Amino acid sequence: MPGPLPGDLARTLAQKLRDDQFVLFAGAGLSMQAKARDGSDRRMPGWEEFLAAIGGRLGIDASSFRMDQLNVLDAVQSRHGSPALDAAVRQVLDDDAFEPGATHAALAGLRWSAGRTTNYDTLLDRCLKATPAVNDADFAAALRQPRDKRTTLFKLHGSLREPHKSLHATTNCTRLQEA
């Protein structure tokens with residue numbers, strides 16, 4: 001939505017923020033806003049570019065998975081194993097070569113009740129100074145913490161530390177908010 005928000009939407013969002021009901025959901029578009037440390041105009045890949053690069057490294061045509069793109073990663077894992085998938089993800093998403101961008105900084109300035117991301121990279125983690133919940137053990141550990149000590153960042157597909165982990169993220173995030 002280009003331009004300023006309509007007044008009623010801006011007021012609703014401001015109230016949600018005040019009521020601790022404002023949840024950030026970030027995907028590859030946010031990571032693409034990162035700045036290359038070498039000063040070049042290089043960008044983090046978008047979702048389709050990421051999947052094509054992973055598939056290309058391991059001989060899988062990502063374009064044949066249009067109906068469910070996460071199946072590209074499942075296919076790589078099935079055919080080549082988790083270590084090969086993990087290595088490919090880390091090579092394609094070399095986030096050490098990037099710094100969080102202005103959008104990351106602006107988002108870090110808001111008081112989110114929680115953040116959800118499908119991004120594997122650490123850009124949002126670094127910007128929010130958060131240790132994300134990535135796997136079921138992380139979610140279980142978060143549930144044991146008092147509400148004010150819990151992580152607020154949830155990685156729905158995994159992280160560079162643990163790429164492409166199959167989580168019960170929606171269920172766990174709901175349980176965490178209810179506790």
Side-chain angles (χ1 to χ4, degrees), residues 23-110 112 114-139 141-142 151-170 172-173 176:
V23 176
L24 168 66
F25 189 91
L30 178 61
S31 294
M32 292 172 70
Q33 303 302 311
K35 301 293 181 198
R37 288 185 179 186
D38 65 7
S40 71
D41 62 354
R42 199 165 46 109
R43 296 279 184 229
M44 294 285 285
W47 186 241
E48 288 184 20
E49 184 183 2
F50 166 72
L51 292 174
I54 296 294
R57 288 177 183 276
L58 297 162
I60 294 175
D61 179 11
S63 67
S64 64
F65 292 86
R66 292 244 184 255
M67 295 305 289
D68 189 355
Q69 293 182 326
L70 276 178
N71 285 339
V72 171
L73 303 177
D74 291 337
V76 168
Q77 192 170 39
S78 175
R79 294 178 195 170
H80 300 283
S82 291
L85 174 60
D86 293 355
V89 168
R90 289 185 191 109
Q91 289 168 353
V92 171
L93 297 178
D94 177 21
D95 77 341
D96 285 336
F98 293 88
E99 288 291 332
T103 306
H104 289 91
L107 291 172
L110 297 174
W112 301 100
R116 311 290 197 271
T117 183
T118 56
N119 297 345
Y120 296 94
D121 64 64
T122 65
L123 296 163
L124 191 57
D125 317 16
R126 287 187 263 159
C127 202
L128 297 177
K129 297 179 178 76
T131 301
V134 175
N135 56 41
D136 288 335
D138 292 344
F139 282 101
T151 185
T152 58
L153 183 59
F154 304 93
K155 298 252 181 168
L156 302 180
H157 295 315
S159 68
L160 289 178
R161 171 175 53 105
E162 296 181 72
H164 195 55
K165 297 301 171 198
S166 178
L167 302 179
H168 306 292
T170 303
N172 285 326
C173 289
L176 190 59

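In this text, all values refer to a predicted model and were calculated from it rather than measured experimentally.
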*In Å, rounded to the nearest 0.5 Å, how long is the span from OG of S159 to CG of L153?*
10.0 Å
*Provide the closest heavy-atom pair for A28 versus P45 in the form atom of the first, atom of the second, distance.*
CB-O, 4.2 Å
_Quick check on side-chain contact (heavy atoms from CB on, under 4.5 Å): which of D74, L85, I60, L58 does R79 satisfy it with?_
I60
*Tell me, do R42 and F98 make a side-chain contact under 4.5 Å, heavy atoms counted?*
yes
_Show the nearest heavy-atom pair for residues L123 and H104, with the distance to one decimal._
CB-NE2, 3.6 Å
_Separation between CZ of F25 and CG of L30, rounded to the nearest 0.5 Å_ = 11.5 Å
_When you measure from the side chain of H80 to the backbone of Q77, do you find a donor-acceptor pair of N or O atoms at a distance under 3.5 Å?_
no
*Search all heavy atoms of P100 against all heavy atoms of R126 and return the closest pair with its distance.*
CD-NH1, 4.0 Å
*Are the side chain of T117 and the backbone N or O of G27 linked by a donor-acceptor pair below 3.5 Å?*
no
_Option passing side-chain hydrogen bond (donor to acceptor under 3.5 Å, both in side chains) with K155 (candidates T118, D125, D138)_ = D125
*How far apart are the closest heavy atoms of C127 and A105, and which atoms are they?*
SG-N, 3.6 Å
*Can you find a pair of side-chain heavy atoms, one from Y120 and one from P163, that are under 4.5 Å apart?*
yes
*Should R116 and L24 be marked as a side chain to side chain contact (heavy atoms under 4.5 Å, CB included) after you check the CA-CA gap, both sets of side-chain angles, and the distance that decides it?*
CA-CA 6 Å; R116 311 290 197 271; L24 168 66; over 6 Å; no
Identify each donor-acceptor pair in which a side-chain atom of residues 88-95 lies under 3.5 Å from a protein atom, sequence neighbours left out, and give them as a table.
| unit_1 | atom_1 | unit_2 | atom_2 | d |
| --- | --- | --- | --- | --- |
| R90 | NE | L160 | O | 2.7 |
| R90 | NH2 | L160 | O | 3.0 |
| R90 | NH2 | R161 | O | 3.1 |
| Q91 | OE1 | R57 | NH1 | 3.1 |
| D95 | OD2 | T122 | N | 2.5 |
| D95 | OD2 | T122 | OG1 | 2.4 |

_Closest non-hydrogen atom pair between W112 and L128, with its separation_ = CD1-CD2, 4.5 Å
*Between the side chain of D38 and the main-chain N/O of S40, is any donor-acceptor distance below 3.5 Å?*
yes
*Any ion pair linking E99 and K35 (charged N to carboxylate O, less than 4.0 Å)?*
no
*Please determine if R37 and D96 form a salt bridge, counting it only when a charged side-chain N lies under 4.0 Å from a carboxylate O.*
no
*Give the ring-plane orientation class for W47 versus H157, where under 30° counts as parallel, over 60° as perpendicular and anything between as tilted.*
parallel
*Evaluate the criterion side chain to side chain contact (heavy atoms under 4.5 Å, CB included) for residue pair I54 and L73; output intermediate values, then yes/no.*
CA-CA 8 Å; I54 296 294; L73 303 177; 3.8 Å; yes
